[in-house]
Structure formats: structure tokens, C-alpha cells
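Working notes, beginning with the structure itself.
When a ligand or atom number is given, it counts from 1 through the structure's own listing order.
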Amino acid sequence: MTQCANPPPRPLQRYLVGKNSKLLKTVCDEVEFGTQFPGLVSDLFRIMKENGGVGLAAPQIGETVRVIVIKYASTFALMINPVIIKTPGKIVTSMNEGCLSFPGLRVDRKRHKRVIVEYFDENWKKVKLDARGLLAFIVQHEIDHLNGITINSEDSNA
Ligand SMILES: [Zn+2]
């Protein structure tokens, strides 16, 4: 039996970063094709679930990479490098939009009612999702996070 020369590194303890963290204002990096990060993915799903969220973006737990998770209705997805490629719907107001990074804050935002988003899944398979209504709002909210935009950003409602 072989033995590790070095003990394995201690697992990272990830948690929601504070609402004033500069990580929430950071434009996140594209993930290189094929990269795997099982620890990050499981932490995203765990922290989203623990906090009763419908979506969570990697920078919210301290990793400035373009990775989000969404769990809403029948959609349960890990999205790597998500890009909105079409916005066929009109612009409407999302009522009472909240964010796990800003407990208690509720805002009305201008959002596309429908978006077509392309992303890579956990197997680096390209996926196209036609998101409407609340799911479309969630996709836009989480992708905003990857661009350093949060619901309290002045530029997020331009
Ligand atoms: Zn958020």
C-alpha cells in the first residue's frame, strides 16, 4: 500500500461572504474547459439549500469563477460559464427580488421576462436553456453576480 508523502490539505470551509465583501463586486473569471471542482459544486448546492435559496453564484461563497447553481421548480442545474445569448421577452419588473448575500433586502429590478442561456453542465456538455418568468429572473440575477453586480448595485437597474 502506498502512502501519501504529504497529508491531504484541510478541506476549505466555504460560507456566504459578507455583504460588503469586494468579492461580490468582482467580475469573475471564465472557467477553463474541462476543469472539475467537485468541492465547490457540492458547497454551492449545500449552502443554497441551507439558506433556502433558489440560486447561488460562486463569488457569494468566495470563489470568483463563472459558476452558478439554480434549483427552482423542475430546474436543478449547475451552470459553468453561462451566457445569455437571446432575450426574446419584454422587460418587466421582478417584484421583491431577494439575495442570500443581502438578507432582508427586497428590491424591484428590471428583468427580461424570457432569456435563452447557454452554459456547460458538470460534464462539460453544452446546454441551452429557455428560461421564462421567475426562472429567467433567477438566471439573470445569478449571472449578474458573475459580473460583480448585486441587487443593491446602482448600475444593476440601468
Ligand atoms: Zn444574489
Practice task
Evaluate side-chain contact (heavy atoms from CB on, under 4.5 Å) for F37 paired with I80, printing each intermediate quantity in order.
Solution key: CA-CA 11 Å; F37 18 52; I80 304 170; 4.2 Å; yes

Practice task
Check each of R109, K110, R111 against E97 using the salt bridge (charged side-chain N to carboxylate O under 4.0 Å, His left out) test, and report the only one that passes.
Solution key: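 The passing option is R111.
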
Problem - Distance in Å, L135 CG paired with L129 CG, rounded so as to fall on 0.5 Å steps - result: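 Those atoms lie 5.5 Å apart.
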
Practice task
Answer yes when K128 and D130 have at least one side-chain N-carboxylate O distance shorter than 4.0 Å, and no when they do not.
Solution key: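 No, no charged N to carboxylate O under 4.0 Å.
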
Practice task
State plainly whether the residues E118 and K126 are in salt-bridge range, i.e. N to O under 4.0 Å.
Solution key: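 Result for this pair is yes, salt bridge flagged.
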
Practice task
Below 2.8 Å of the Zn ion (ligand 1), tally up the protein N/O/S atoms for me.
Solution key: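 Protein N, O or S neighbours of the Zn ion (ligand 1) under 2.8 Å, waters not counted, come to 3.
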
Exercise for the section: Supply the members, apart from V83, of the Ile/Leu/Val/Met/Phe/Trp/Tyr cluster built from side-chain contacts under 4.5 Å; use none for a lone residue. Expected result: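 Via sub-4.5 Å side-chain contacts, V83 links to I85, I116.
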
